[in-house]
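Each chain gets a letter, A, B and so on, in the order the sequences are listed, and its residues count up from 1.
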There are 2 protein chains.
Amino acid sequence: MAVTTAGRGRRRAVARGTGATLADRLEALERQGYRATPQRRAILAAVLGAGRINVSAEEVCGRAKALCPTVNLATTYRTLDLLKRLGIVRRVTYGDGRGVFCANPDPHYHGTCLQCGAVVDLPRGRIADVLEREQRGLTDPAFAVVGHRVEFYGYCDACRSAGRTGAIL
Amino acid sequence: MAVTTAGRGRRRAVARGTGATLADRLEALERQGYRATPQRRAILAAVLGAGRINVSAEEVCGRAKALCPTVNLATTYRTLDLLKRLGIVRRVTYGDGRGVFCANPDPHYHGTCLQCGAVVDLPRGRIADVLEREQRGLTDPAFAVVGHRVEFYGYCDACRSAGRTGAIL
DNA sequence: TATGCGTTGAGAATGACTCTCATCGGCCCC
DNA sequence: GGGGCCGATGAGAGTCATTCTCAACGCATA
Ligand SMILES: [Zn+2]
Ligand SMILES: [Zn+2]
Ligand SMILES: [Zn+2]
Ligand SMILES: [Zn+2]
């Protein structure tokens, strides 16, 4: 995937949900007063390019380097944090605290592979509504609940087809 | 709380759930071939003594030092990991990846305070069953779900009564 | 007393992440 | 068309929770 110059206003076919294209996101970035530098374009493209698999900052940095050789880990972290603050990407905290980044704008859950640690997007079922309702019923004198987070774990496609499905991680 | 010598076989009134006393847990430790050293006793007592509030390794170390001055952070981590492997304590990963330890043997959820980061035990509602059912319905060609984890967030008692309920953390 | 082995304390190492600071690169004004 | 301004960057140092290494220790058993 190459980093195009900007795609100002141009609309491609909608991939997943609203504002999912690289161009749309770069536009959002600039609309809020931030420069769409080559590094930022490359980093954003790297996250988008990962698809359903969520990527660590280091992976993003590696992929981005292929598009813009000057990107650096510090810039990658800085940019990912900026994109997170702007709501363009999401940072999901993986089992042991390491973070992975997700560019899927649709509401969805995450599944962590017990074998290889991959974090993949999962379609959202009806859980959200139930949790929302349940959450309101969770009245506790010592804690006022205002939100929740669910995370599934299991085995990713690659590990399953390789027969590696017994680890503890 | 003082660290008693062993309480071999002695049964006290059940506090919360099965095997919740210090003595019971030390017994379980020894039954599996590990020595109940003064350090291990102190560390276990420190986790137990925290009650509903879950404690970090560093906090455990501090509390344990009061009972056995020679405990050290490395031993604390080692022991907590051992106790986790034996199912005597549970390690819950708090928002940004730091871990806190929980000795409550009953099935329950955890709530993280958005203001101060405290992790407290929450009674389990009917959510578990719903999630269980939903989890089975979550068939995805790219991921085989085998379990889930829910985490609530909100404001703890202390922060609420101090009027600190607006942070982003 | 000598041997063995599980356990420990101190400190070094790790690894993800953040900070600092000198430098870079457009951009506006003269 | 040169100079200053300021956001953005790269390199490297710093932070912090956690883990590793290794010599020393405690306690059992011969
Ligand atoms: Zn996997
Ligand atoms: Zn996602
Ligand atoms: Zn609080
Ligand atoms: Zn708990």
Q | Rounded distance (Å) that lies between atom C1' of D:dT9 and atom CZ of A:R40 | A | 9 Å

Q: Rounded to the nearest angstrom, tell me the gap between atom OH in A:Y34 and atom C1' in D:dC6.
A: 14 Å

Q | Spacing of A:L73 atom CG relative to C:dC17 atom P, expressed in whole Å | A | 9 Å

Q: Report yes if at least one side-chain N or O of B:R35 is closer than 4.0 Å to OP1 or OP2 of D:dC27; otherwise report no.
A: no

Q: To the nearest Å, give me how far apart CD (B:E59) and C1' (D:dT18) are.
A: 16 Å

(Q) Using side-chain heavy atoms (C-beta onward) and a distance below 4.5 Å, is A:I88 in contact with A:L44? (A) yes

Q) Between CZ of A:R25 and CG of A:L83, what distance do you get to the nearest 0.5 Å? A) 9.0 Å

Q) Of B:A74 and B:G33, whose nearest nucleotide on DNA chain C comes first from the 5' end? A) B:G33

(Q) If you compare every side-chain N and O of B:T37 against the phosphate oxygens of C:dT8 (OP1, OP2), does one of them come in below 4.0 Å? (A) yes

**Q.** Side-chain N or O of A:N72 closer than 4.0 Å to phosphate OP1/OP2 of D:dT9
**A.** no

Q. Are B:E151 and B:T112 linked by a side-chain donor-acceptor pair shorter than 3.5 Å?
A. yes

Q. Looking at DNA chain D, which of residues 78-90 of chain A put a heavy atom within less than 4.0 Å of it?
A. A:R78

Q.
Contact between B:L29 and B:L82 at the side-chain level, heavy atoms closer than 4.5 Å - yes or no?
A. yes

Q: Give the rounded distance in Å between these two atoms: CG of B:L29 and C1' of C:dT7.
A: 12 Å

Q | Side chain proximity check, A:Y34 to A:L86, heavy atoms < 4.5 angstrom | A | yes

**Q.** Rounded distance in Å - CZ (B:R98) to P (D:dT18)
**A.** 8 Å

Q: Using whole Å, report how far CD of A:E30 lies from P of C:dG26.
A: 14 Å

Q.
Quick check on C:dC17: is either OP1 or OP2 less than 4.0 Å from any side-chain nitrogen or oxygen of A:Y77?
A. yes

(Q) Looking at every heavy atom in both B:V71 and B:A42, which two are closest together, and how far apart are they? (A) CG1-CB, 4.4 Å

Q: Using a strict 4.0 Å threshold on nitrogen-to-oxygen distance, state whether B:K84 and B:D81 make a salt bridge.
A: yes

Q) Where each residue is assigned the nucleotide of DNA chain C containing its nearest heavy atom, which of B:Q39 and A:E58 is assigned the position nearer the 5′ end? A) B:Q39

